[in-house]
2 protein chains.
Amino acid sequence: MNTVDLINKKQAGGELTTGEIQYLIDGYTYSKIPDYQIAALLMAIYFQGMTHRETIDLVRIMVESGKTAHHNQSPFVKVDKHSTGGVGDKVSLLVAPIAASQGVPVPMISGRGLGHTGGTLDKLESIPGFSTRLSLRAFEIQVAEIGCALIGQTDEIVPADQKMYALRDVTATVRSIPLITSSILSKKIAEGVDALLLDVKFGSGAVFQSLEGARQLAGNLVRIGTESGLEVRALLTDMSQPLGQAVGNWIEVRECLDIMTGKAAPDDLVKISLAQAAIMLILGKKAVDYDEGLKIARQAVESGAALNKFVEIAKCQQADTSYLENPDKYTAPAYQKDITADDDAYIANVDALTVGLAAVELGAGRRRKEDSIDYTAGIYLHKKRGDRVAKGDILATLYTSMEEINQPILSSVSDAFRFSKEPPASQPLIVSELSVEGEKHWNH
Amino acid sequence: MNTVDLINKKQAGGELTTGEIQYLIDGYTYSKIPDYQIAALLMAIYFQGMTHRETIDLVRIMVESGKTAHHNQSPFVKVDKHSTGGVGDKVSLLVAPIAASQGVPVPMISGRGLGHTGGTLDKLESIPGFSTRLSLRAFEIQVAEIGCALIGQTDEIVPADQKMYALRDVTATVRSIPLITSSILSKKIAEGVDALLLDVKFGSGAVFQSLEGARQLAGNLVRIGTESGLEVRALLTDMSQPLGQAVGNWIEVRECLDIMTGKAAPDDLVKISLAQAAIMLILGKKAVDYDEGLKIARQAVESGAALNKFVEIAKCQQADTSYLENPDKYTAPAYQKDITADDDAYIANVDALTVGLAAVELGAGRRRKEDSIDYTAGIYLHKKRGDRVAKGDILATLYTSMEEINQPILSSVSDAFRFSKEPPASQPLIVSELSVEGEKHWNH
């Protein structure tokens, strides 16, 4: 087989055979095919797509490029959830302990922040001592012992995806439905789950900004995931403004702690987290329907079971849990500045992409792969869509320990706020739920 | 500027600014931007194209990536011709000495064989001692002294193209009109010509197999070349069967010697070579019209002036010209085999692509960049389109010094021959001529 011929075939809109995909993926994983040929192939895939059959093959071949976790000792249905990425999306930090505290094993492998979107791993690592680097064996043991582990991709798992994902990031080939599908599903299959809830976002802070693009991705994830042997559900959810009030790393962990200790409850974040936890409980056979799932999830938070599980997980992963018990102990950011409202108005939107990019500038994300993160950095949104503000009200507070906060960043966060004279029309946070049976309007 | 953003822009169909193209080309030439990002960019250009303005900028920026030859000491119009590549296309070996012998300076920088297409450089280097590696200064001096030099691309000339061309070859991004246009024109401008004749081929052995694809390329070359300051004409010519009877390297040089010594005159090759020489003489202001150009070109061959010039060029470039004076002196190929006709029939076509690929297998071309060439290898076509053959007639002879000729290669050359009971309809060799004034049906 000849790599150029295969690039040519895909470029011309052809369907690669199973053997051809195997040749390309194995060749790249074992460095027999160079980066530049795979970069050209990925761009050809971006334009020409992949068939259903090609994508299923790609998922399987990527899984087989590495090892797979096994949780056979547990009789329960292993469930994970995965978000396609957003701003202020700390839902995993809430739903994993909620579901695990109710007996649903959650073997969760997460990623780092990418561009303007935050990453669960970075948020977890803002907790002093928290280690996300577990071997596959340690991962299996922790899931067996306490029902949940929150780790990063190990070298053992889907090495093909590790190389391809890094390459896609620097070659503008992230936004491809078959490539996103195979990247997500290969990792989820390799982590050893039986069922998967996907939170597919649309809006300015999402990979696919249009609802239609997100719907196509969600449909593809459900179809390919199901054929790959998982029980899959997907939610289409709004990412036109950040989720919750905190955007950053430690600031987001703290927001989760506030929810799990009953100190605060930002509407959108609580709603979407309980909804996702409820579906995970259904997938994990711990609830018969959504209402029961929601009730169990709410109780898990209110009873403190979710917090206890989160602290237990953190302790298992070497975290200094005194920071979770007493968040005020955390180092305060060296610099902070407020932005305020210029006029009396309603807030029509707080643009997720703009806030996400500003948070990266403040140090909450990486501009280059090799950058380190300022865990104290972030943005706290005092007001969000639909809120009425008076002139002089604080809209947001910016935090960083890197350097004095400059005017351009303040201006860009100000620009994220869009105002209107009238209250904005309400926008559904969760639009619909997709499963192998089709798409259902969300009416809970 | 950020490379990923620029790839994204082109991917989305946007127009890159002059500064953005400069950033990308300079970045790649000086290895600040890695191969894989340019590979992705080239594939995005393959799908999205480039505007007229972008292509003109790209040509200029590529020229400026290196040095330019100057032939200011000559008061004459410097003319070159360039073929988009074919099988058995040794026209440059004939037209360069014809035009130069009549006082048209021909500073010609050629390429090597690529895939199934032969390269002028490889053919020249089959002449023992012939050096195609001249410095830019030596190139200028030889053109000033004897009116012609036939060299390969030096490191000084268009380094951006050298890197990009090598990358395109291995990433399936050769067949892009703006990329072909900028690659050809940047090299031709850098070699210091005033006028350029382009032989744009269509048919199975051409880069663009369809006449329509070739026409678009020819139109783009004429427009962009003219706006870049050259006088440009282009011919659309048939490459569905090889040109002439010889396909290889030394075997093609020998066919040219036979023509220049009056020993043989394959119709198609003589016709296309004299037509191109005539146009070069017009471009070089040595003929007022096509008929005069054709007459001068024919006389240059018949008088021996073309041969003398070819030998003079070869001598200047260190060749052992005794091989040109006595071609029988050349080492005979170690192996040869004939293929014969199975039946009485007319030959409907001899497929150029099939013959080209078989010649590469015999050692006349490179399967990989690092392969060396067997200069004795090749295929001699005793019969071509329109010829009537009787059962048992020799159709072609295969030559190589690498290893005994095997059945699969013999079969593939046999398969190149297509037969018909009736004489095939005649097909024009030259379809039309394009200039800045438009396309004219070829009626000479």
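Below, chains carry the letters A, B, ... as their sequence lines are ordered, and counting in each starts from 1. What's counted below: heavy atoms across the whole structure, side chains too, no hydrogens, waters or symmetry copies.
Interface remark: of the candidates T3(B), D169(B), V170(B), V170(B) forms the most heavy-atom pairs closer than 4.5 Å to chain A. Note on N8(B), T173(B), N2(B): by heavy-atom pairs under 4.5 Å with chain A, the leading option is N8(B). Of the listed residues K10(B), Q11(B), Q48(B), R175(B), the one with more heavy-atom pairs under 4.5 angstrom with chain A than any other is Q11(B).
With a 4.5 Å cut-off on side-chain heavy atoms, L42(B) and M43(A) do not count as touching.
Closest non-hydrogen pair, A172(A) versus I7(B), comes out as CB-CG2, 3.7 Å. Across all non-hydrogen atoms, the minimal contact from Y36(A) to T171(B) is O-CG2, 3.6 Å.
Interface remark: D5(B) contributes no atoms to any contact with chain A (heavy atom separation under 4.5 Å). Only the side chain of L167(A) comes within contact range of chain B, with at least one heavy atom under 4.5 Å from a heavy atom of that chain.
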